[in-house]
Amino acid sequence: MLRFLFFRLLRAAVTIVMVVSFAFVVLRLSGDPAQIIMGADAPPEAVDAFRAAWGLDQPLWRQYFHYFGAILSGDLGRSMRDGRDAILLVVERIPATLALTLPALAIKLGLGIPAGVYAALHRNSWADRLVMLLAVAGFTVPSFVLGLLLVLLFAVQLGWLPSGGQESWRHGILPMLTLGIGGAAVLARFTRSAMLEVLGQPYIRTASAKGVPWRAVVWGHALPNAAIPTVTIVGFMVGSLIAGAVVVESVFSWPGVGRLLVVAVANRDLAVVQCVLLLVAATMVTANLVVDLLYGLLDPRLRNQPRAAGAH
Amino acid sequence: MSDLTLPAAVPAAPPEPRRSALPPLVIFALGWVALMLGTALLADAISPYATTALDLRNRLSAPIGFGGAWIHPLGTDELGRDVLSRLIASIRMSLLIAFGATIIGAVIGTTLGFLAAHFRGLIEQVVLALVDFSASLPFLILALAVLAFFGNSLALFVCLLGLHAWERYARIARGLAISAGSQGYAAAVRQLGASPWRVYGRHVLPNIASTLIVSMTLAFPEIILLESGLSFLGLGVQPPATSLGSMVGYGREYLTRAPWILLAPATVIVLTTLSVSLLGDWLRDRLDPTLR
């Protein structure tokens with residue numbers, strides 16, 4: 001188990017290093033930020049001063065190591081627009097994003113998993129067909145279309161809810177629903193297929209055959225086994241709590257991390273984009289790590305053998 | 001056919017009853033995809049107006065059925081541009097991007113997967129680390145960063161979307177190539193002196209093609225959704241070119257006054273992704289028992 005943990009941590013660290021390098025390469029090599037921020041007709045000495053101030057006049061490899069060192073010491077740079085610490089800018093947006101994504105996660109879990117299990121237990125019934133149809137629809141309707149349709153219905157036609165902004169809790173309802181419904185559909189589809197696969201296993205037949213009541217078979221044998229693949233996708237959803245609302249936040253003008261990212265990208269605010277990238281990667285990697293540890297808890301077979309690299 | 005023991009073995013693992021006729025939903029999906037492909041191919045011929053042609057006397061006119069006239073079947077936008085013509089151009093653009101990106105992703109992923117399977121060792125570890133990296137960041141975030149910083153050209157946009165889902169092909173190709181290597185046929189061809197190119201290109205690839213094709217039908221709608229999402233945010237296809245997503249983004253401004261500008265492309269996005277997904281699921285059940 002320790003060995004397993006060690007290798008998992010190592011892979012997580014390698015992934016983070018790759019994300020940092022990626023951010024560095026993409027964001028530094030793609031254009032001259034000094035020209036972009038200062039404008040094309042800025043005086044050359046002002047551009048040079050800007051470069052010197054941000055370290056952009058150094059050789060790239062030195063910028064790279066400097067960048068790594070700074071990140072290790074917790075310094076993620078300042079926003080090139082208003083000079084504030086990028087990390088502060090990002091962190092102060094996190095509560096707004098979580099205020100949307102946490103309730104949305106509850107909707108996904110609360111709707112998606114029961115619907116998927118029910119559909120699997122009643123395979124080929126009308127309920128199953130309905131769940132699957134809704135699940136496919138939920139997957140194929142992009143979030144911005146769903147969001148705008150909800151706005152059209154509840155804000156424009158019925159006038160029940162506001163269409164955007166963050167003034168009261170009522171402003172959050174439509175974005176939460178938009179996020180939650182789509183995710184619930186994905187989760188229902190996934191849970192159903194995981195559950196169907198488990199229900200087809202011989203041990204389920206054995207348990208029924210030896211007289212275990214069906215309810216106990218489902219709760220005691222089928223659900224714990226179906227949980228293993230489902231945990232993966234739930235882990236992904238937890239990992240994208242921070243970054244999963246980019247489009248929806250833009251549709252509803254919700255001042256969260258996602259909107260900050262879109263605006264920062266449009267303005268080429270390097271520090272802020274890097275900061276969001278790192279934060280998102282760290283969240284995803286942590287969530288993946290937790291999922292792998294949960295596998296160990298859920299599946300005793302995996303506890304003592306380190307998984308082969310990439311064998312998932 | 002000469003194997004007389006086969007029928008006896010079949011009942012041991014009862015397969016699902018296979019309907020030989022096409023399910024109605026699949027027929028609908030096929031029809032819709034054919035319609036979209038036809039529209040994309042014949043866009044110039046069937047488009048009633050140029051995408052930028054203005055009709056200033058008929059601005060924001062409603063579609064047929066909502067008080068509009070046949071002159072603009074799906075209505076017009078704020079500048080009097082014909083929504084149907086723009087929709088046709090958008091369909092061609094979105095399909096072009098999605099096809100290009102799907103093929104790029106499949107080629108890159110399969111190649112890397114084969115390289116990993118062939119060389120093993122360090123190269124395999126590098127590929128797997130790249131796979132981990134891809135899987136660790138939501139693609140939208142990656143794409144946002146790359147797009148805004150490299151500026152935006154159509155070629156770059158297609159290549160960028162091509163990176164979506166490459167890791168899935170890489171995983172599949174690596175896994176299947178490794179298992180093919182332990183089966184007789186690949187070893188036999190290799191023993192006969194075939195080059196690795198020949199082994200992978202002529203023997204392994206055809207054997208795993210059905211799995212890869214199924215993956216492509218699953219990635220295709222995702223790429224359409226990504227493209228339309230990015231274009232919706234104003235970071236994808238740039239004007240004067242138009243795609244389904246950028247039409248929705250434009251129509252959003254006229255949500256209350258002219259919802260048809262938004263509803264027409266939104267409907268096309270939904271029906272197209274739905275149809276390709278349905279076809280993909282159906283193909284998967286048909287062709288490929290290894291994917292769920």
Side-chain angles (χ1 to χ4, degrees), chain A residues 11-12 14-16 18-19 22-23 26-31 33 133 136-137 139-146 148-149 151-152 155-156 163 193-194 196-197 229 236 239-240 243-244 246-247 250-251 258 261-262 264-268 270 273-274 276-277 280-281 284-285 288 309-312, chain B residues 16 25 116 124-125 127-138 140-142 144-151 170-171 174-175 221-222 224-226 228-230 232-235 244-245 248-249 251-252 255-256 259 262-263 265-267 269-278 281 292:
Chain A
R11 282 177 65 194
V14 168
T15 308
I16 292 283
M18 288 176 75
V19 173
F22 169 83
V26 167
L27 303 187
R28 285 292 151 88
L29 297 186
S30 54
L133 194 69
V136 174
F139 164 71
T140 53
V141 178
S143 57
F144 58 92
V145 169
L146 181 62
L148 290 172
L149 288 180
V151 167
L152 201 57
V156 177
S163 65
S193 70
L196 278 181
E197 180 158 316
F236 189 82
S240 54
V246 174
V247 174
S250 294
V251 170
L261 177 66
V262 171
V265 161
N267 291 333
R268 296 205 165 186
L270 306 189
V273 174
Q274 282 168 334
V276 175
L277 265 181
V280 169
M284 291 298 294
V285 167
N288 283 341
H312 45 98
Chain B
E16 279 188 49
L25 272 176
E124 183 176 34
Q125 290 307 316
V127 171
L128 289 176
L130 282 172
V131 166
D132 265 11
F133 167 65
S134 283
S136 72
L137 268 183
L140 186 67
I141 303 288
L142 266 184
L144 274 175
V146 174
L147 264 185
F149 283 87
F150 278 107
R171 260 181 211 163
R174 171 182 162 270
E222 294 171 12
I224 291 189
L225 293 181
L226 265 171
S228 55
L230 285 166
F232 171 78
L233 290 174
L235 299 167
L244 294 170
V248 176
R252 178 189 172 190
L255 187 63
T256 46
L262 175 155
L263 289 175
T267 311
I269 295 174
V270 171
L271 285 181
T272 308
T273 47
L274 181 70
S275 299
V276 182
S277 299
L278 285 172
D281 282 355
R292 258 185 300 114

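In this structure, the side chains of B:P221 and A:T140 stay at 4.5 Å or more apart for every pair of heavy atoms. Annotation: side chain of A:F144 is in contact with side chain of B:S228 (closest heavy-atom distance under 4.5 Å).
Along residues 270-277 of chain B, the residues that come nearer than 4.5 angstrom to chain A, judged on non-hydrogen atoms, are B:V270, B:T273, B:L274, B:S277 in order of number.
Taking chain B as the reference chain and counting heavy-atom pairs below 4.5 Å, the highest number among A:V141, A:L148, A:V247 is found for A:L148.
Using a 4.5 Å cut-off between heavy atoms, B:L230 makes no contact with chain A at all. The part of A:V145 that comes within reach of chain B is its side chain, from C-beta onward, which places non-hydrogen atoms under 4.5 angstrom from that chain. Contact of A:V19 with chain B is made through backbone and side chain together, with heavy-atom distances under 4.5 Å. With a threshold of 4.5 angstrom between heavy atoms, A:L149 approaches chain B through side-chain atoms but not through N, CA, C or O.
Under the salt bridge (Lys or Arg N to Asp or Glu O under 4.0 Å) criterion, B:E124 pairs with B:R120, B:R174, sequence neighbours left out. By the side-chain contact (heavy atoms from CB on, under 4.5 Å) test, A:L152 is found to be paired with A:V156, B:L255, B:P259, B:L263, residues two or more places apart in sequence or in another chain being considered.
Across A:V251 and B:R252, no two heavy atoms sit closer than the pair O-NH2, 3.0 Å.
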